[in-house]
Amino acid sequence: MVQKKLRIITDFDGPIMDVSERYYQVYQVCLEQVRRPGQTVKRLSKAEFWQLKRSQVPERQIGQMSGLDELQAQDFARMRRNTVHTPPYLSYDTPVSGAIETLERIQQAGIDLAVMTMRRTSELDEAFQRCDLGRFFKGDRRYCLSDDYVKTTDVQDKPLLMQRALNELPPAENWMVGDTEADIAAAKSHGIPVVSVLSGIRDRTQLSKHQPDWIVHNFAEALEIILQHAGRESAGRESTAWQNVGSSDTYFNAGNR
C-alpha cells in the first residue's frame, strides 16, 4: 500500500500570526470613543483583556468591566466588531514566536502546506506581503474568504472552506492545526485529525469543550505531534470513526499537554 503524502492545513491567526496587540489596540480606541467626556473608565491591561478574550467573555461584559454602562457597552461591542478587522489595525499583527522557523522546517521537509483562514483575500495578502509569509503557501494552497463574501459564523463557514479544499487538492494525509472551535469543527466534519494551539484566541478550557485530538502550546509543538503520529493516526481513524473521542486516552491528549 502506497502511503499518502503528508499535508498540514493550518489556520493563519493563532498558529502563525499573533493578533493580541491588534485586538488590544481596538479595545482601547473603542473604549475611548464610547466613554462620555469626564467619565472615568478602567482600562484593562493587555494581559487582563487578552485573557478575557481567550475565555470568550462577551464584548459587552468586557465593556462593562471597563466602566461603561449597559448602553455604552452595547455601542462598544458593535464598534469593536466593525473595527477590529479594518486595514489600519491589521498592521499590529506579528508572527508568533517560532512560527516562521516552523514553516521553514515544514517546507524543508517537503510536507504539503495549505493555509485556511477566515481572513478575506485582501487581509491575508496584506500579512503575506508585510511579513514575507507568502513564500510558504503556493497560490493553490491558500483558502480564505473573498472580499465580498457575506459571513455567517466561523463554525459554519470554515467547514465549507475545508470541503472546498478537499475537493480541489490532490489526495493526501491531511492534518489540521488551529486555535478555535471553528478549526476543530472544520476538521472533525471531514474526519481529519486536529491539533489545537494555545498561541491564539482560545484558552485550554474553551478548546477542551470541543475535543480536539491534541492541545499544545504552539505551531512548533503541533508539528512534533503530527510527525510522531502521521500515518498510524489516520489509518486507525477510518476504523474508529471518532468513537474514541471522549475516552480517557483522547482526554489525556486533548487536555493535558
Side-chain angles (χ1 to χ4, degrees), residues 10-68 71-97 99-100 103 115-137 139 142-154 157-158 161 178-180 182-183 197 199-202 219:
T10 180
D11 189 14
F12 190 63
D13 295 334
I16 298 173
M17 294 297 280
D18 179 353
V19 301
S20 61
E21 184 62 25
R22 167 168 41 117
Y23 276 65
Y24 186 57
Q25 290 292 331
V26 170
Y27 158 75
Q28 294 180 91
V29 167
C30 293
L31 184 63
E32 183 62 27
Q33 290 187 6
V34 169
R35 78 176 184 93
R36 292 184 294 271
Q39 179 182 8
T40 300
V41 295
K42 177 190 175 184
R43 181 178 299 173
L44 301 172
S45 70
K46 181 180 177 180
E48 291 171 328
F49 166 78
W50 193 234
Q51 184 52 54
L52 292 172
K53 285 297 300 177
R54 297 183 73 234
S55 302
Q56 291 191 277
V57 173
E59 297 292 339
R60 287 191 300 175
Q61 188 175 339
I62 292 176
Q64 290 177 312
M65 293 174 67
S66 302
L68 302 178
L71 289 177
Q72 286 177 310
Q74 292 177 12
D75 290 340
F76 165 84
R78 181 170 55 252
M79 185 180 297
R80 191 218 65 92
R81 285 193 302 272
N82 293 335
T83 305
V84 72
H85 299 298
T86 56
Y89 296 96
L90 291 171
S91 61
Y92 285 104
D93 295 347
T94 56
V96 173
S97 177
I100 291 178
L103 290 169
V115 64
M116 182 173 295
T117 174
M118 298 309 296
R119 285 193 183 220
R120 299 184 184 280
T121 302
S122 59
E123 297 165 352
L124 183 61
D125 287 347
E126 185 277 335
F128 273 177
Q129 294 169 13
R130 178 168 53 84
C131 301
D132 190 27
L133 295 170
R135 58 195 168 108
F136 297 110
F137 301 97
R142 303 176 182 183
Y143 289 89
C144 59
L145 303 180
S146 64
D147 287 337
D148 59 356
Y149 185 86
V150 178
K151 290 185 180 182
T152 55
T153 66
D154 288 3
D157 288 336
K158 203 145 201 179
L161 273 183
D179 70 315
T180 69
D183 300 310
V197 297
S199 52
I201 202 166
R202 297 287 183 265
F219 199 7

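What you see below is based on every heavy atom in this structure, not just the backbone, and it leaves out hydrogens, waters and symmetry mates. Index from 1, following the sequence. Keep in mind it's a predicted model, so treat the numbers as computed, not measured.
- Between Leu124 and Thr117 the shortest side-chain heavy-atom distance falls below 4.5 Å.
- To the nearest 0.5 Å, atom CD of residue Glu123 and atom CG of residue Asp147 are 7.5 Å apart.
- Heavy-atom minimum distance, Ser91 versus Pro88: OG-O, 3.5 Å.
- With respect to Arg119 and Asp93, a salt bridge is recorded, a charged nitrogen being found less than 4.0 Å from a carboxylate O.
- Between Ser199 and Pro15, the shortest heavy-atom distance links the atoms OG-CA, 4.1 Å.
- Contact of the Arg43 side chain with the Arg35 side chain is not registered, since no non-hydrogen atoms from C-beta on lie closer than 4.5 Å.
- Counting heavy-atom neighbours within 6.0 Å of Arg142 CZ, excluding the residue itself, gives a total above 12.
- Side chain of Gln61 to backbone of Pro58: no donor-acceptor contact under 3.5 angstrom is found.
- For Arg120 (side chain) and Ser146 (main-chain N/O), a donor-acceptor pair under 3.5 Å exists by modelled atom type.
- Remark: Glu59 does not engage Arg78 in a salt bridge, criterion side-chain N to carboxylate O under 4.0 Å.
- In terms of heavy-atom proximity, Arg60 sits nearest to Ala77 at CG-CB, 3.8 Å.
- A heavy-atom distance below 4.5 Å is found between the side chains of Ser66 and Tyr27.
- The aromatic rings of Tyr23 and His85 sit perpendicular, their planes meeting at an angle over 60°, well past the 30° parallel limit.
- Of the inter-residue distances, the one linking Glu126 atom CD with Cys131 atom SG reads 7.0 Å to the nearest 0.5 angstrom.
- To the nearest 0.5 Å, atoms CG (Leu68) and CZ (Arg36) are separated by 8.5 Å.
- For the 3.5 Å distance criterion, the side chains of Asp157 and Thr152 qualify, holding a donor opposite an acceptor.
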Starting from the C-alpha separation in whole Å, work towards a yes-or-no answer on side-chain contact (heavy atoms from CB on, under 4.5 Å) for Tyr149 and Thr121.
CA-CA 10 Å; Tyr149 185 86; Thr121 302; over 6 Å; no
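- To the nearest 0.5 Å, atoms CZ (Phe128) and CZ (Phe12) are separated by 5.5 Å.
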Checking side chain to side chain donor-acceptor pair (under 3.5 Å) for the pair Glu32/Gln28: CA distance, chi angles, key distance, verdict?
CA-CA 6 Å; Glu32 183 62 27; Gln28 294 180 91; over 6 Å; no
Run the side-chain contact (heavy atoms from CB on, under 4.5 Å) test on Met118 and Leu161 for me, step by step, so that the C-alpha distance in whole Å, both residues' side-chain angles and the decisive distance to 0.1 Å come before the verdict.
CA-CA 9 Å; Met118 298 309 296; Leu161 273 183; 4.3 Å; yes
Can Lys46 and Phe49 be said to form a side-chain contact (heavy atoms from CB on, under 4.5 Å), step by step?
CA-CA 5 Å; Lys46 181 180 177 180; Phe49 166 78; 5.6 Å; no
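- Taking 4.5 Å as the limit, some side-chain heavy atom of Gln39 sits within range of a side-chain heavy atom of Gln72.
- When the shell of 6.0 Å around NZ of Lys42 is examined, it contains 12 or fewer heavy atoms from other residues, nucleotides or ligands.
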Is there a side-chain contact (heavy atoms from CB on, under 4.5 Å) between Val34 and Met79? Walk through the geometry before answering.
CA-CA 9 Å; Val34 169; Met79 185 180 297; 3.9 Å; yes
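- Considering every non-hydrogen atom in both Lys158 and Met116, the closest pair reads NZ-O, 3.2 Å.
- Note that CD1 of Ile100 and CZ of Arg135 are 6.5 Å apart. Values are rounded to the nearest 0.5 Å.
- In this structure the side chain of Val115 never reaches within 4.5 angstrom of the side chain of Leu133, judged on heavy atoms.
- Within the 4.5 Å cutoff, the side chain of Val96 has no heavy atoms near those of the Phe219 side chain.
- You'll find the side chain of Ile62 reaches within 4.5 Å of the side chain of Lys53, heavy atoms only.
- Nearest heavy-atom pair, Ala127 versus Met17, reported as atom, atom and distance to 0.1 Å: CB-CE, 4.3 Å.
- Asn82 and Thr86 get closest at one heavy-atom pair: O-CG2, 3.4 Å.
- To the nearest 0.5 Å, the span separating CG on Asp154 from OG1 on Thr180 amounts to 6.5 Å.
- If you check the side chains of Asp125 and Ser122, you find no donor sitting under 3.5 Å from an acceptor.
- Annotation: side chain of Asp18 is not in contact with side chain of Tyr92 (no heavy-atom distance under 4.5 Å).
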